[in-house]
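All values reported here derive from a predicted model rather than from experimental measurement. Hydrogens, waters and symmetry mates play no part in the numbers below; they use all other heavy atoms, side chains included. Residue numbers run from 1 in the order of the sequence given.
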Amino acid sequence: MIKVVAKNYIKDEKIIAFIEAATELVEQTREKDAGCIRYELVQDVKDPHILTMLEEWEDQASLAAHGASPHFKKAMAAMKEMVEKPGDSNFYKTLI
């Protein structure tokens, strides 16, 4: 299993637009992407500008297929104008 934590730093005036774009991405990913176990957007309690995607995938191939999907590419193109600085992505594998 592959787990992803993708942290995004969003411009103040773009938070609502980012959430709207992410909502569409989450819905399409859950519906269309084989191997998706968990895919959700969370917002930092202390800093609402930090919006993070929490993901779980069956394997690397499922994650790679998601990254190549039209709905993912569309969302990334829309979201790139909404960030105030580059995000952080961490990829994890379960050990225990």
Side-chain angles (χ1 to χ4, degrees):
M1 181 182 304
I2 304 294
K3 297 184 182 194
V4 180
V5 177
K7 187 183 290 188
N8 301 281
Y9 304 94
I10 308 304
K11 296 174 184 174
D12 187 54
E13 70 276 9
K14 298 294 185 179
I15 292 173
I16 292 172
F18 185 92
I19 292 170
E20 289 171 353
T23 297
E24 183 177 343
L25 175 60
V26 167
E27 290 170 353
Q28 290 185 6
T29 297
R30 289 177 180 171
E31 177 185 323
K32 297 178 180 178
D33 291 358
C36 178
I37 298 167
R38 176 182 180 201
Y39 202 85
E40 64 184 350
L41 177 69
V42 296
Q43 188 173 39
D44 188 277
V45 174
K46 293 181 181 178
D47 185 349
H49 298 95
I50 300 174
L51 294 161
T52 302
M53 300 299 294
L54 301 177
E55 310 173 29
E56 290 183 35
W57 296 92
E58 287 181 4
D59 52 33
Q60 188 63 43
S62 299
L63 175 58
H66 167 66
S69 70
H71 52 274
F72 180 80
K73 290 179 179 181
K74 177 185 173 188
M76 293 305 101
M79 292 173 173
K80 73 179 182 178
E81 301 301 323
M82 300 178 195
V83 298
E84 60 185 12
K85 64 180 182 177
D88 303 310
S89 292
N90 296 87
F91 300 83
Y92 301 91
K93 62 181 180 179
T94 302
L95 298 177
I96 300 174

**OP:** With sequence neighbours excluded, tell me which residues meet salt bridge (Lys or Arg N to Asp or Glu O under 4.0 Å) with E55.
**Re:**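 So E55 forms no salt bridge (Lys or Arg N to Asp or Glu O under 4.0 Å) with any residue.
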Hey, can you pull the donor-acceptor pairs under 3.5 Å for the side chains in residues 5-12, sequence neighbours left out?
from	atom 1	to	atom 2	distance (Å)
N8	ND2	A6	O	3.2
N8	ND2	L51	O	3.1
Y9	OH	D88	OD2	2.6
K11	NZ	E81	O	3.2
D12	OD1	H49	NE2	3.1

Subject >> All side-chain contact (heavy atoms from CB on, under 4.5 Å) counterparts of K32, not counting sequence neighbours >> reply: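 By the side-chain contact (heavy atoms from CB on, under 4.5 Å) rule, K32 matches Q28, H71.
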**OP:** Identify, with sequence neighbours excluded, every residue that meets side-chain contact (heavy atoms from CB on, under 4.5 Å) alongside A65.
**Re:**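 Scan of A65 (side-chain contact (heavy atoms from CB on, under 4.5 Å), adjacent residues dropped) gives none.
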Original post:
Does M79 belong to the same Ile/Leu/Val/Met/Phe/Trp/Tyr cluster as V4, with side-chain heavy atoms less than 4.5 Å apart forming each link?
Top reply: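 Yes, because M79 and V4 connect within a single hydrophobic cluster, where side-chain heavy atoms sit under 4.5 Å apart.
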Original post:
Would a hydrophobic clustering, with Ile, Leu, Val, Met, Phe, Trp and Tyr connected at side-chain separations under 4.5 Å, put I19 with V26?
Top reply: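 The answer is yes; both residues are in one hydrophobic cluster.
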Interatomic spacing from [atom1] in [X] to [atom2] in [Y] - rounded to 0.5 Å:
| X | Y | atom1 | atom2 | answer |
| --- | --- | --- | --- | --- |
| K3 | L54 | NZ | CG | 10.5 Å |
| I15 | Q43 | CD1 | CD | 6.5 Å |
| L63 | E58 | CG | CD | 12.0 Å |

**OP:** If you link ILVMFWY side chains whenever their heavy atoms are less than 4.5 Å apart, which other residues fall into the same cluster as M1? By chain and number, please.
**Re:**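 I37, which link up through side-chain heavy atoms under 4.5 Å apart, make up the rest of the cluster.
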Original post:
Apart from L95 itself, which Ile, Leu, Val, Met, Phe, Trp or Tyr residues share its cluster (side-chain heavy atoms under 4.5 Å, direct or through members)?
Top reply: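 For the cluster that includes L95, the remaining residues are I96.
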Original post:
Any salt bridge (charged side-chain N to carboxylate O under 4.0 Å, His left out) pairs touching residues 36-54, not counting sequence neighbours?
Top reply: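 Applying salt bridge (charged side-chain N to carboxylate O under 4.0 Å, His left out) to every pair that reaches into residues 36-54, excluding sequence neighbours, yields R38-E40, R38-E56.
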**OP:** Keeping to residues at least two apart or across chains, list the salt bridge (charged side-chain N to carboxylate O under 4.0 Å, His left out) pairs with something in residues 19-30.
**Re:**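 Residue pairs passing salt bridge (charged side-chain N to carboxylate O under 4.0 Å, His left out), neighbours aside: E24-K74.
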Original post:
For D59, which residues count as a side chain to side chain donor-acceptor pair (under 3.5 Å) partner, sequence neighbours excluded?
Top reply: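 Here the qualifying residues are S62.
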Subject >> Side-chain touch V83/K14, heavy atoms, less than 4.5 angstrom >> reply: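 No, too far: nothing below the 4.5 Å cut-off.
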Subject >> Pairs touching residues 72-96 that satisfy ring pair (Phe, Tyr, Trp, His ring centres under 6.0 Å), sequence neighbours left out >> reply: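 Listed by first then second residue: H66-F72.
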